[in-house]
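Sequence lines set the chain letters: A, B, ... in the order given, protein chains first and strands last, and positions in each chain run from 1. All values reported here derive from a predicted model rather than from experimental measurement.
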2 protein chains.
Amino acid sequence: MIRTLADTAYSLEERQLADFAKALGHPVRIQILKILINQSCCFTGNLTEIFPLAQSTISQHLKALKEAGLIQGEIMPPKVRYCLNKEKWPLVQTLFKELLKL
Amino acid sequence: MIRTLADTAYSLEERQLADFAKALGHPVRIQILKILINQSCCFTGNLTEIFPLAQSTISQHLKALKEAGLIQGEIMPPKVRYCLNKEKWPLVQTLFKELLKL
DNA sequence: TTTGTTTATCGCAAATATACGATGAATATA
DNA sequence: TATATTCATCGTATATTTGCGATAAACAAA
């Protein structure tokens, strides 16, 4: 992909918001996030039981949500417990709230 | 891409929300949307002056926003005036509001 | 140490996204 | 009719996303 001036032409907030939105741009990740919002934390294994997807695929979606800063993972050997990213979540809410004028 | 049961495993709302989020998943489209939210409508030509991107690229981003239902275009020869999609906008607000518990 | 459990990562294939220049379509004006 | 303006679409190249199975890593328990 060719990116020139555009790379620096966006504000931090615009890039953050786009990254958050991009991470929300798949129905599986919407569902995962809903689970974490509504019923606190869960393990990867719980999700592989719910979704008709391979374990590796679920893990990739979790990685995408984690890298976007929407969720965080806590290692509890041999499991990993995922929760909302409590630090970033207020920013997520604020940025969408501001954009959509809610 | 292989999709099996998953295609039907998502609710309409989840797919809609994912589509909206996906369309918001690029900083240029965030900026375009901001312009339309804050200063009403604009023409494609206005945007090609603002962004350091080819006219065809801007047009593609507008198409993405339009197909997601976020904006609508009105032909005013030889220009096209883009505005927020007034019909869909309340749904956009509602779905994000519900997800993020705003 | 060996085995089982759980999860992440690698490697691959197919689909989608992003960018550009070139071209086409629609319309107003000369 | 011919020209200029505006915008969309086409064709192409490259990057990213999405999915899978296979494998590796981390650790508990036998």
*Could you walk me through whether Ile58(A) and Lys63(A) pass the side chain to side chain contact (heavy atoms under 4.5 Å, CB included) test, one step at a time?*
CA-CA 9 Å; Ile58(A) 298 291; Lys63(A) 187 182 179 184; over 6 Å; no
*Is the shortest side-chain N/O distance from Ser59(B) to OP1 or OP2 of dA8(D) below 4.0 Å?*
yes
*Between dC7(D), dT9(C), dT6(C), which one does the side chain of Phe43(B) approach most closely?*
dC7(D)
*Is any side-chain nitrogen or oxygen of His61(B) closer than 4.0 Å to OP1 or OP2 of dA17(C)?*
no
*Return the value, rounded to whole Å, for the distance between atom CD of Glu74(B) and atom C1' of dT6(D).*
15 Å
_Check: Asn46(B) and Ile35(B) side chains under 4.5 Å, non-hydrogen atoms_ = no
_Once you apply a heavy-atom cut-off of 4.0 Å, does Pro78(A) come out as touching a base, just sugar-phosphate, or nothing?_
base
*Rounded distance (Å) that lies between atom C1' of dT18(C) and atom CZ of Phe51(B)*: 15 Å
*Base, sugar-phosphate alone, or nothing: which one does Arg81(B) contact when heavy atoms must sit under 4.0 Å apart?*
nothing
*Length of the CG-P vector between Leu47(A) and dT7(C), whole Å*: 9 Å
_Length of the line joining His26(A):NE2 and dT16(D):P, which is rounded to integer Å_ = 18 Å
*Consider the side chain of Ser56(A), meaning its heavy atoms from C-beta on, and name the nucleotide among dT9(C), dT18(C), dC20(C) that approaches it most closely.*
dT9(C)
*Side chain Gln55(A) and base dA8(C) donor-acceptor under 3.5 Å*: yes
_If you assign each of Thr48(B) and Gln60(B) to its closest nucleotide in DNA chain D, which residue comes earlier from the 5' end?_
Thr48(B)
*Counting only side-chain N and O atoms of Thr57(A), is one of them less than 4.0 Å from OP1 or OP2 of dC20(D)?*
yes
*Have a look at Thr44(A) and say if it touches a base, only the backbone sugar-phosphate, or nothing, with a 4.0 Å heavy-atom cut-off.*
sugar-phosphate
*Is the backbone of Gly69(B) close enough, under 3.5 Å, to the side chain of Asn85(B) for a donor and an acceptor to pair up by distance?*
yes
*Let me know the distance between CD1 of Ile58(A) and C1' of dT6(C), rounded to the nearest Å.*
14 Å
*Measure from NZ on Lys22(B) to C1' on dT17(D) and round the result to the nearest Å.*
8 Å
*Whole angstrom is fine here: how far is it from CD in Glu49(B) over to P in dT6(D)?*
9 Å
*What orientation do His26(A) and His61(A) show, parallel under 30°, tilted 30 to 60°, or perpendicular over 60°?*
tilted
_Keeping Glu98(A) on the side-chain end and Leu95(A) on the backbone end, is there a donor-acceptor pair under 3.5 Å?_
no
*asked:* From CG of Leu65(A) over to C1' of dA8(C), roughly how many Å is that when rounded to an integer?
replied: 15 Å
